Protein chains: 2
Amino acid sequence: MTIPRAAKTLRRTRIQEEKEEQILEAALDVFSASGFRGSTIDQIAEVAGMSKPNLLYYFRTKEAMHRALIDRVLYTWLEPLRAFDAEGNPEAEIRSYIRRKLEMARDFPRESRLFANEVLQGAPHIEDELKGPLKELVDEKAEVIRAWAKSGKIVKCDPYHLIFSIWSTTQHYADFDVQVRAVLGQEHSGEGRFEDAARFLEQLFIGGLRPDPLEA
Amino acid sequence: MTIPRAAKTLRRTRIQEEKEEQILEAALDVFSASGFRGSTIDQIAEVAGMSKPNLLYYFRTKEAMHRALIDRVLYTWLEPLRAFDAEGNPEAEIRSYIRRKLEMARDFPRESRLFANEVLQGAPHIEDELKGPLKELVDEKAEVIRAWAKSGKIVKCDPYHLIFSIWSTTQHYADFDVQVRAVLGQEHSGEGRFEDAARFLEQLFIGGLRPDPLEA
DNA sequence: TGTAATGTTTACCAATCGGTCAAATTATCC
DNA sequence: GGATAATTTGACCGATTGGTAAACATTACA
């Protein structure tokens, strides 16, 4: 009798690697475009170019596919924030954080939308990740920012809301891409909008965080 | 033979008003939480407290319900931007725009999520509204901002990206509420977070848009 | 090369989907 | 109060949903 599920095998074969990769790629396409509830296994199967039971051979359920996808993407997604360096120059750190986040919005919009869909619908599948690893990382970086503010390197401000504002402004260009393009019109919808956005956001945040000269 | 659809009657009865109201209220609950594809008529019927065929007596299709809901909410949603006054003081106008948008995120999060879901998933049902009325309104207000920048009342910047950044930072507190609360932790998840956000955002935007003293 | 494990597919299932129908119930108005 | 229009519902429809069973095909490896 054969062991019916790839998950139960101990060593992963070459085919397993390839097919799981192929499936997660398709799943990213579909989940990011329709959210968990709005996506169907059939859609993913079609995009992946294989039969539905074949998908379910590699991932027992729709939830398992979604979870595997999230696990795979989450670590990478937090990389820019992790790179935030306490020792660095505040202005340069914030500038490069904005730039990195904007690059991710441009180059990995599906990943951004995957999380956006999930969080927007109440984060039923990633609540633990938000309250655990994400919160810990943000707490750590918020402490860095707080120290910068205290020492007068940047203006006194709430570090959490600063981080939220960088997240929201940058991810906006991935998550609300259709709206951004609709408003900018055809003539400004080229990739140049990311450079314009970078210029504006750097100006906004650098100017808005410049330490108050009266305090010192 | 009775006319089978309420939509075909010329005068709306009291019952029609009430039930349509009741349905749209339930539809807002469900659509904002799961997006169009992820929502079902049965869910809406249950929330509305009536049978599915009864819903379909007032709105022939799921799409019709969604459309009616969007039409009803869109105008109100754009009210704060419409109130943006060219004659006013730039700093005060921007400050009050931020405040109004934040109030809406706090008081009408479902409306915010309704649009967020829709836009996030490619805006298949509101593309026309985005490219038409929304774009026109934004174009008009962008011109106002551009004039302020030109006359040195605020720093020279791209007005469209300024508007995007106000939208994204404020709506973030509605659309990503779960994430905001998870990161802030239980102790800072009271309604005070909206005041903290308002304080930070006003500081950021007022500081970031202050005209460069070197130019004048 | 044989064979056991791995991978793939066709056919299918019960549950749920959006939506219809006709019958039953309720409100309106003379 | 009775006729007529408006409203409500249970039963139902075909299509789609997530997922299964089992036969079939392929691969890896001795």
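Keep in mind that this is a model prediction, so the values were computed, not measured. Proteins get letters first, then strands, A, B, ... in listed order; numbering begins at 1 in each. Every heavy atom of this structure was used, including side-chain atoms; hydrogens, water molecules and symmetry mates were not.
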Within residues 27-40 of chain B or reaching into it, pairs that qualify as salt bridge (Lys or Arg N to Asp or Glu O under 4.0 Å) - sequence neighbours excluded: Asp29(B)-Arg110(B)
Sequence-distant partners of Gln22(B), side-chain hydrogen bond (donor to acceptor under 3.5 Å, both in side chains), two or more places apart: none
Euclidean distance, atom CD of residue Gln43(A) to atom C1' of dA15(D) [Å, nearest integer]: 15 Å
Leu55(A) CG to dT8(C) C1', straight-line distance once rounded to whole Å: 12 Å
What side-chain donor-acceptor pairs closer than 3.5 Å can you find for residues 73-88 of chain A, not counting sequence neighbours?
from: Glu79(A); atom 1: OE1; to: Arg82(A); atom 2: NH1; distance (Å): 2.6
from: Arg82(A); atom 1: NH2; to: Tyr75(A); atom 2: O; distance (Å): 3.3
from: Asp85(A); atom 1: OD1; to: Glu87(A); atom 2: N; distance (Å): 3.0

Minimum heavy-atom distance between Pro133(B) and Asp128(B), given as atom pair plus value: CD-O, 3.8 Å
Sugar-phosphate only, base, or nothing, as touched by Lys19(A) at under 4.0 Å among non-hydrogen atoms: sugar-phosphate
Any residue meeting salt bridge (charged side-chain N to carboxylate O under 4.0 Å, His left out) with Glu46(B), in chain and number order, not counting sequence neighbours: none
Nucleotide dT9(D), atom P - distance to CG of Asn54(B) in whole Å: 5 Å
Partner set under side-chain hydrogen bond (donor to acceptor under 3.5 Å, both in side chains) for Ser165(A), not counting sequence neighbours: none
Pairs where residues 132-149 of chain B contributes a residue and the test salt bridge (Lys or Arg N to Asp or Glu O under 4.0 Å) is met, not counting sequence neighbours: Lys135(B)-Asp139(B), Glu143(B)-Arg146(B)
Distance-only donor-acceptor test (3.5 Å): side chain Lys52(B), base dG18(C): yes
With His125(B) via side-chain hydrogen bond (donor to acceptor under 3.5 Å, both in side chains) - residues at least two apart: Glu118(B)
side-chain hydrogen bond (donor to acceptor under 3.5 Å, both in side chains) involving Glu111(B) - partner list, sequence neighbours excluded: none
Listed partners of Phe164(A) passing ring pair (Phe, Tyr, Trp, His ring centres under 6.0 Å), at least two apart: His161(A), Trp167(A), His172(B)
Intermediate values then yes/no, salt bridge (Lys or Arg N to Asp or Glu O under 4.0 Å), Arg67(B) and Glu63(B): CA-CA 6 Å; Arg67(B) 166 136 300 273; Glu63(B) 296 233 9; over 6 Å; no
Contact list for DNA chain D against residues 27-40 of chain A - heavy-atom distance below 4.0 Å: Ser39(A), Thr40(A)
Five-pair end axes of the helix from dT1(C)-dA30(D) to dC30(C)-dG1(D), angle between them (10°): 10°
Nucleotide nearest Thr61(B) (side chain, heavy atoms from C-beta), chosen from dC17(C), dG19(C), dG10(D): dG19(C)
For DNA chain D, the residues among residues 118-126 of chain B that have a non-hydrogen atom under 4.0 Å from it: none
Shortest side-chain distance from Tyr57(A), nucleotide among dT10(C), dT6(C), dT20(C): dT6(C)
